[in-house]
Amino acid sequence: MTSTDHTSSASGAARVQTKISVADPKIMVNLLGAKDEILRLIERTLASDVHVRGNEITVTGSPADNATAERLFSELIELIEKGETLTVDAVRRTVAMLEQNTSERPAEVLTLNILSRRGRTIRPKTLGQKRYVDSIDENTIVFGIGPAGTGKTYLAMAKAVQALQAKQVSRIILTRPAVEAGERLGFLPGTLNEKIDPYLRPLYDALHDMLDPESIPRLMQNGTIEVAPLAYMRGRAQPLTAKVLTPDGWRAIGDLAVGDLVTGSDGLPTPVLGVYPQGRKQVYRVTTQDGASTVACGEHLWTVRTPDDRSHGRPARTLETQEMIGNLRRGYVHRYELPLVEPVEFVGQDVPMDPYAMGLLLGDGCLTTATTPSFTTADPELAEALDAALPGITVTRKNEVGGVLTTHPITAVLHELDLAETDASTTFVPEIYKVNSAAVRLALLQGLFDSDGGPVSQQDRGCRVQYSTSSERLRDDVLFLVRSLGGVAYVRRRVAPGRQPGPARGRAVHQRHDAFVMDIRLPAGIEPFRLERKRALYNATGGGRPMRFVHDIEPVGAEETVCIQVAAQDSLYVTDDLIVTHNTLNDAFIILDEAQNTTPKQMKMFLTRLGFGAKIVVTGDVTQVDLPGGTTSGLRIVRQILRDVEDVHFAELSSSDVVRHRLVAEIVDAYARFDVEQEQESAQSVRAVPGRAAGGGRAGRRR
């Protein structure tokens, strides 16, 4: 629009003429429409008379009507100038928005592009839709509530894909209640996928509108997009007996409560935010290549990286247990690497003996109190280290390879720690040293490795630590100490029969106990030795990088299960054998569709799955609840529960936001009027019968 001209009409003072000039002929052609269909729609819509000649539009009517017409043409011309092809539908929506007399301009609403693919652009088409889309940008949790055809799910899907492409989230999760119209999946014919697909088909169809169809299977295979029934989202679970590491040691996951502290992947305490019993489920034993294992259900989540992820510098991905089954290797290479816990920081405690000295004695000491406790070594540096670590204790050299410790203080400590009377096959690490600060645990390991371990280097590879013991308890304790410091350990057993006898004072001594040989890798920054010659050899090549891979997944039956939600930013916690796992949804765009068919408990379960960096959109129509009679819809009551919670928004869409056939909006309005009439008739019938309680009687019962 280039200019306007206002003149008074001679026929009446109340009517004026407004002239609108359009300089670009292409704009005028688009403005009129094919066979002048848009012009005729405008003429029927406006109260003013509209005449077009050449590049000039003349509008005649009252000043107010002409102002409306001028604003309409201004918005339509701006739409065309922004590259839009004007349609009858766009004109109708522009008129509807102008009639609402809001601050938002139709040209801004109808050109708010979300996604463009193959020449097709997805954008809001009504003012209500635009406000809905804006609320998704501005809030973490958004409820889109309105009748069918208002674009609730479709626009949410478009925003999810937009966020994924912009790397604002790392995955999209789409879910719907899997039970509708009174049907239960177990009674439907076909396989599980055939039963579920009809409920999820609208989500698949929307995905194909917004993404390259060839990319969708790949995105779903690597976990970037997950489409699943709502019931499957709650399935991230472990058996009640699975162990979880806490600042005080191990606890069964079934014994945890909200507010308890567990250990996160950073080795620090993190509170439990939710505990959700999952009932009896099929579970699997997940075993790593270093022999560690834990048990989880098929839908339990794991943070993993593949060789391709590492080579291309991609971040970790999140997969379910069942997604990894049958896909654990690529040739001879393990496919899925798990994260390792950073050195765990338990609460520091005072110990009755220096931890390094305790490690030396556990490695090469004779701790039985039947005789004077002794320490055997041919290394003067170790003897000096033990002497320095035990102030007030005299180390008396008995011969060139051994020493005797002054008894009273040492003997008292051994009795206090239940180490008295132990020998090389029964010794162990006392609990106070295991559940202690990282510094205490490392010092004890250094004592063990200096006395009874050593560095083993290989050409073109980092140096590992080899340690052996004939005590099963000490083997397990060393495993725990190594893993709690972020390392891995491989154990092999050397049985006593058939092993070469060891020399002692010139005679052969046959082996009486099996030996456990451990090959250990510790992370950078963890120094395993204090003994100078061992430390120099280890540091010559470095310790390499400890790694833990998923090696095997086997079903172990059905068990009662539970899932927990933790407050750690990455949602990871430490379970059996210091394996890092998780079950909350971080950095995800999560859509719950058809939410009117959730129960209040299901709605709570879903909303509490929210992780850090995630966004949730819940969509539904409260007039189309398909739950069994008497069951309250979770979508009906969630507004009352969350109405005062910040960062939660309820977007109401109405018949004016319907973007399907125009009859759909009229049908929605007709049903709304009918419902109001029925409620009024019901109320009148109740008042007409004396003594009948409000809401009583058949006519007053509505689901």
Side-chain angles (χ1 to χ4, degrees), residues 114-115 122-164 169 172-181 198-207 209-210 225-233 585 588-600 602-607 609-610 614-627 633-639 641-643 647-660 664-665 668:
I114 302 175
L115 285 176
I122 299 173
R123 61 170 68 95
K125 295 183 178 180
T126 69
L127 185 56
Q129 287 188 346
K130 196 261 185 184
R131 291 173 177 172
Y132 172 51
V133 168
D134 288 343
S135 70
I136 293 175
D137 289 331
E138 297 164 2
N139 298 274
T140 299
I141 298 179
V142 173
F143 290 83
I145 303 173
T150 51
K152 306 180 298 294
T153 305
Y154 199 79
L155 289 173
M157 291 276 288
K159 292 299 293 182
V161 173
Q162 181 192 50
L164 181 68
V169 297
I172 297 173
I173 299 171
L174 312 171
T175 184
R176 297 180 111 187
V179 179
E180 294 175 291
Y199 297 104
L200 305 178
R201 179 52 51 192
L203 303 180
Y204 287 117
D205 292 343
L207 275 178
D209 282 350
M210 300 171 190
I225 296 178
E226 177 183 351
V227 183
L230 178 62
Y232 284 22
M233 287 200 65
L585 305 169
F589 198 115
I590 313 160
I591 299 173
L592 171 59
D593 190 30
E594 299 289 345
Q596 72 274 6
N597 292 323
T598 61
T599 66
Q602 286 176 321
M603 181 65 76
K604 177 184 177 183
M605 177 277 297
F606 172 78
L607 294 174
R609 307 295 306 177
L610 178 69
K615 188 180 289 287
I616 283 179
V617 179
V618 180
T619 66
D621 180 358
V622 292
T623 68
Q624 296 189 16
V625 177
D626 292 322
L627 291 170
S633 167
L635 188 61
R636 285 186 183 275
I637 66 171
V638 71
R639 182 196 290 273
I641 298 170
L642 301 181
R643 61 174 175 259
D647 210 17
V648 175
H649 179 79
F650 291 86
E652 292 282 356
L653 296 155
S654 66
S655 60
S656 63
D657 299 304
V658 171
V659 293
R660 296 179 184 171
V664 175
V668 169

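What you see is a predicted model; the values in this text were computed from it and never measured.
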Can you sort out the partners of [X] under side chain to side chain donor-acceptor pair (under 3.5 Å), two or more places apart, ordered by chain and number?
| X | answer |
| --- | --- |
| Ser135 | none |
| Thr598 | none |
| Arg131 | Glu104 |
| Ser633 | none |

Sub-4.5 Å side-chain heavy-atom contact between [X] and [Y]:
| X | Y | answer |
| --- | --- | --- |
| Pro177 | Thr599 | no |
| Leu174 | Leu207 | yes |
| Ile122 | Gln162 | no |
| Val625 | Leu635 | no |
| Tyr132 | Thr126 | no |

Who passes side-chain contact (heavy atoms from CB on, under 4.5 Å) against [X], sequence neighbours left out?
| X | answer |
| --- | --- |
| Thr623 | Asp621 |
| Ala160 | Ile172, Phe589, Ile591 |
| Ile641 | Ile637 |

Least distance between heavy atoms, Thr150 atom then Pro147 atom: OG1-O, 2.8 Å

Working to the nearest 0.5 angstrom, can you tell me the gap between [X] [atom1] and [Y] [atom2]?
| X | Y | atom1 | atom2 | answer |
| --- | --- | --- | --- | --- |
| Gln129 | Ile114 | CD | CD1 | 8.5 Å |
| Thr140 | Lys615 | OG1 | NZ | 5.5 Å |
| Leu627 | Gln602 | CG | CD | 7.5 Å |

Among Val142, Leu592, Ile145, Asp593, side chain to side chain contact (heavy atoms under 4.5 Å, CB included) partner for Thr619: Asp593

Partner residues of Phe143 under the ring pair (Phe, Tyr, Trp, His ring centres under 6.0 Å) criterion, sequence neighbours left out: Phe650

Any residue meeting salt bridge (charged side-chain N to carboxylate O under 4.0 Å, His left out) with Lys130, in chain and number order, not counting sequence neighbours: Asp134

Contact list for residues 138-161, test salt bridge (Lys or Arg N to Asp or Glu O under 4.0 Å), sequence neighbours left out: Asp137-Lys159

